[in-house]
There are 2 protein chains.
Amino acid sequence: MADVAEKAGVSRALVSIIFRNQAGASRETRERVLRVADEIGYRPDSAARLLARGRSRTLGVMFTVHQTFHTDLITGIYPEAERLGYDVLLSGATHGRSEAKAVEALLSHRCEAVILLGPDAEPAYLDALGQRTVAVSVSRRVPQARVDFVHSAEAKGVRQAMDHLVELGHRRIVHIDGGRGPGSAERRRAYRAAMRRHGLEGEARVIPGHHTEESGIETGRLLLAEHDSGRPLPTAVLAGNDRCAMGLLMSLTRSGVEVPRDLSVVGYDDSHLSHLMPIGLTTVRQDAALMAEHAVRFAVERLENGELEPREAVLDPKLVVRGTSGPVPAP
Amino acid sequence: MADVAEKAGVSRALVSIIFRNQAGASRETRERVLRVADEIGYRPDSAARLLARGRSRTLGVMFTVHQTFHTDLITGIYPEAERLGYDVLLSGATHGRSEAKAVEALLSHRCEAVILLGPDAEPAYLDALGQRTVAVSVSRRVPQARVDFVHSAEAKGVRQAMDHLVELGHRRIVHIDGGRGPGSAERRRAYRAAMRRHGLEGEARVIPGHHTEESGIETGRLLLAEHDSGRPLPTAVLAGNDRCAMGLLMSLTRSGVEVPRDLSVVGYDDSHLSHLMPIGLTTVRQDAALMAEHAVRFAVERLENGELEPREAVLDPKLVVRGTSGPVPAP
DNA sequence: TACTCGAACTAGAGCGCGCTAGTAGAGCGC
DNA sequence: GCGCTCTACTAGCGCGCTCTAGTTCGAGTA
């Protein structure tokens, strides 16, 4: 920076002004300084910048690497953050790298707020995090924690899916749940409620699972094994999310079960792969872009307005009927 | 930090020593200082830390958000970086956010090196980047640029795939290429070479495309339209990558073409979804973990050894035969 | 002419650390 | 007593920037 200033014949302060796009420099000086900077290859060092001004204007995003829906969310986070003048840093949780670790990386890189995509952490951890910094949880609801919260109205989504299936004549509808996954408690509850409402509590069955393809595959195997030993297949399955649904489809189709002729499958998320599958997946669409927008806005507003109470945004999901759901098979 | 020092009755320097886990503090002082720090809630500020010591020990990773293979690579990058004592920061390129922008974000957050997953940028840009910082390109080869390079031996992979198809009796084998995508020039060349080697140059056909599901879908439509106007379908398609293959499968299957009965499809990457599809995708496997390991190692070695010449790691890919390839249909 | 005022620019402190060069004091042999 | 070494600790500069409180200067105004 000093080099640029010297070579352009101005003070460092003016260079700083110019690089911050602030008023106080003439057009020609501005151009000259930028030109010189470009020649020298100068770029402001953000570590020093962060240090000097109190704020980093950086949002951290914690996500799960293989969760395809998260990539949809991320796609929506960038533009909104940019619009509000914030930088975004990503940190992924993987098998070998815990969410806490991913969050620490963000925090120690001076993110002012963290957006957690479908966090799987303990409520206590989230609450502590919320005390320490501004945190927004997307998809996972933790009412007792000091974090903002964006999700879709799980119950509405599930209800639509269930009504759709029942309308098609299904009665033996099984739900693969998402374990501790975000939203799964609500979805499970809504499934049970729907079965009850349709007078099918006798048929209700929740198979424990989680939000991965593997879980779907396993459940497929389980159902087929049960079928082999005489128990009838369900006629429809409401999966915990799209990934689980895909796993299930794979496992079933490979064993000759035809979807939706023999069995209907409904997912949840409408992650961007869902409509690309060989037969598009019937699923409950969550608007990723809108969710991302809300999450960013919550974070920024809390950063700039100081002590707001934790807030909650509930978006309406919408059933998207594609190729994996059809009329109940004739007995 | 000053607060901690004062409250513990020591100098700031000693606090610094203790937090860097360096020798030069007695056991009891160490414990006392850490206890005090914990009470106050002090955590070292990494911006200041970065600024003060020259180095950040942080690697930046640029990836394309929806490229599923990249998430496989990222999963491999984290542990290797951690092993070598480096932090990792992610920055995604999306439709609205160029690679250059993503890279800038990393650089201005003081990443010492950038690992580019399948970059789509101009060679000139990559070269400039390589001059400016340590850069490693994964999948895309740019010989004239000053960057390290990790990829798999595309030609070998394609050859295996082609031999497999020819062995199954296929002759009308079409290749959907990846446009400017990483590795696609090599794959295209290898496809042509294989067709020639098998005496099929007359049948060779490269359909322009790119590494997305959309491209596969479009090509599917194109082939079907051609079929309707009398041109026979190819009996096999070698897609530019797995995503393209998936799009193609969707588009064809929806229109009643049965895979692999009517047509075989082979992908490239073995991204972790490939084996999860309803019928597992026959594809050329690139070892993501190994590629990630090499990329991290290249970056770190170059950072620590100063001026090494750009290096290249070429890993052997391997054909994985699954459900989308089969014998050529009877005429 | 004497002034006010705003635009363009600058000096220099300070952000929170790491690091180098140093000191104080205890223990040791001679 | 002396010098020596070793451990435990400290003073204070500098990393590259931002920001406050200025200064300078030319144009406009009474």
Side-chain angles (χ1 to χ4, degrees), chain A residues 1-38 40-58 85-87 104 107-112 132-133, chain B residues 1-38 40-58 85-87 104-112 132-133:
Chain A
M1 182 168 181
D3 296 348
V4 174
E6 193 182 349
K7 198 163 172 197
V10 297
S11 68
R12 293 187 311 105
L14 195 58
V15 176
S16 169
I17 284 175
I18 289 168
F19 270 90
R20 276 175 294 133
N21 247 324
Q22 209 190 268
S26 66
R27 168 175 287 285
E28 37 184 337
T29 312
R30 206 172 279 270
E31 277 166 10
R32 179 159 39 89
V33 167
L34 289 176
R35 188 155 26 81
V36 170
D38 198 48
I40 295 189
Y42 164 83
R43 295 178 324 108
D45 177 320
S46 86
R49 186 170 256 186
L50 299 198
L51 188 59
R53 58 183 173 203
R55 306 199 35 195
S56 69
R57 296 192 73 87
T58 301
Y86 281 75
D87 244 16
E104 282 312 312
L107 251 31
S108 81
H109 280 270
R110 276 241 172 180
C111 292
E112 298 184 50
R132 197 164 108 189
T133 183
Chain B
M1 183 168 180
D3 297 348
V4 174
E6 192 182 352
K7 199 163 174 199
V10 297
S11 68
R12 291 188 313 104
L14 194 57
V15 176
S16 169
I17 284 174
I18 290 168
F19 268 90
R20 277 175 294 134
N21 248 324
Q22 209 191 267
S26 65
R27 168 175 288 284
E28 38 183 337
T29 313
R30 206 172 279 270
E31 277 167 9
R32 181 160 38 92
V33 167
L34 289 176
R35 187 155 26 80
V36 170
D38 198 48
I40 297 190
Y42 165 82
R43 294 181 324 114
D45 177 320
S46 85
R49 187 170 253 186
L50 297 197
L51 190 58
R53 64 181 170 201
R55 305 200 38 193
S56 68
R57 296 193 75 84
T58 301
Y86 280 75
D87 244 16
E104 283 312 311
L106 293 173
L107 251 31
S108 80
H109 280 270
R110 277 245 173 176
C111 292
E112 297 184 51
R132 199 164 104 190
T133 183

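Each chain gets a letter, A, B and so on, in the order the sequences are listed, and its residues count up from 1.
Dashed line: the shortest gap from a side-chain N or O of Ser16(B) to OP1 or OP2 of dG18(C) is under 4.0 Å. Residue Arg20(B) places at least one side-chain N or O under 4.0 Å from the OP1 or OP2 atom of dG18(C). Residue Ser26(B) places at least one side-chain N or O under 4.0 Å from the OP1 or OP2 atom of dC9(D). Phosphate proximity of dC9(D) to Thr29(B): present, with a side-chain N or O under 4.0 Å from OP1 or OP2.
Comparing Arg53(B) and Gly9(B) by the nucleotide of DNA chain D whose heavy atom lies nearest to each, the residue mapping closer to the 5' end is Gly9(B).
Taking atom CD1 on Ile17(A) and atom C1' on dG16(D), their separation rounds to 16 Å, with Å as the unit. Rounded to an integer number of Å, the gap from Leu50(B) CG to dG18(C) P is 10 Å. One interatomic measurement links the two molecules: CZ of Arg43(A) to P of dG16(D), which rounds to 14 Å at whole-angstrom precision. Rounded to whole Å, atom P of dA8(C) lies 13 Å from atom CD of Gln22(A). The distance between atom CZ of Phe19(B) and atom P of dC19(C), rounded to the nearest whole Å, is 16 Å. Arg55(A) places its CZ atom 20 Å from the P atom of dC17(D), with the value rounded to the nearest Å. Whole-Å rounding puts the Leu14(A) CG to dT18(D) P distance at 12 Å. Atom CD1 of Ile18(A) is separated from atom P of dC17(D) by 14 Å (rounded to the nearest Å).
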**Report entry** Worked check of side chain to side chain contact (heavy atoms under 4.5 Å, CB included) between Arg43(A) and Glu104(B)
**Finding:** CA-CA 9 Å; Arg43(A) 295 178 324 108; Glu104(B) 283 312 311; 2.8 Å; yes
Report task. Mind running salt bridge (charged side-chain N to carboxylate O under 4.0 Å, His left out) on Arg57(B) and Glu112(B) for me, showing each step along the way? Result -> CA-CA 7 Å; Arg57(B) 296 193 75 84; Glu112(B) 297 184 51; over 6 Å; no
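Distances from the side chain of Ala48(B) to the nucleotides dC17(C), dT18(D), dT10(C) place dC17(C) closest. Relative to the side chain of Leu51(A), the nucleotides dG18(C), dC19(D), dC15(C) differ in distance, and dC15(C) lies closest. Comparing dC17(C), dC19(C), dT18(D) against the side chain of Arg12(B) picks out dC17(C) as the nearest.
Nucleotide dC30(C) forms a pair with dG1(D), judged by Watson-Crick or G-U wobble geometry with both contacts under 3.5 Å.
Looking at heavy atoms from C-beta onward, Leu107(B) lies in side-chain contact with Arg132(B) at the 4.5 angstrom threshold.
Among the heavy atoms of the strands lying under 4.0 Å from Ala13(A) is at least one base atom, whether or not backbone atoms are also near. Across all strands shown, Arg27(A) has no heavy atoms under 4.0 Å from either base or sugar-phosphate atoms.
Residues Ala23(B) and Ile17(B) come closest through the heavy atom pair O-CG2, 3.8 Å.
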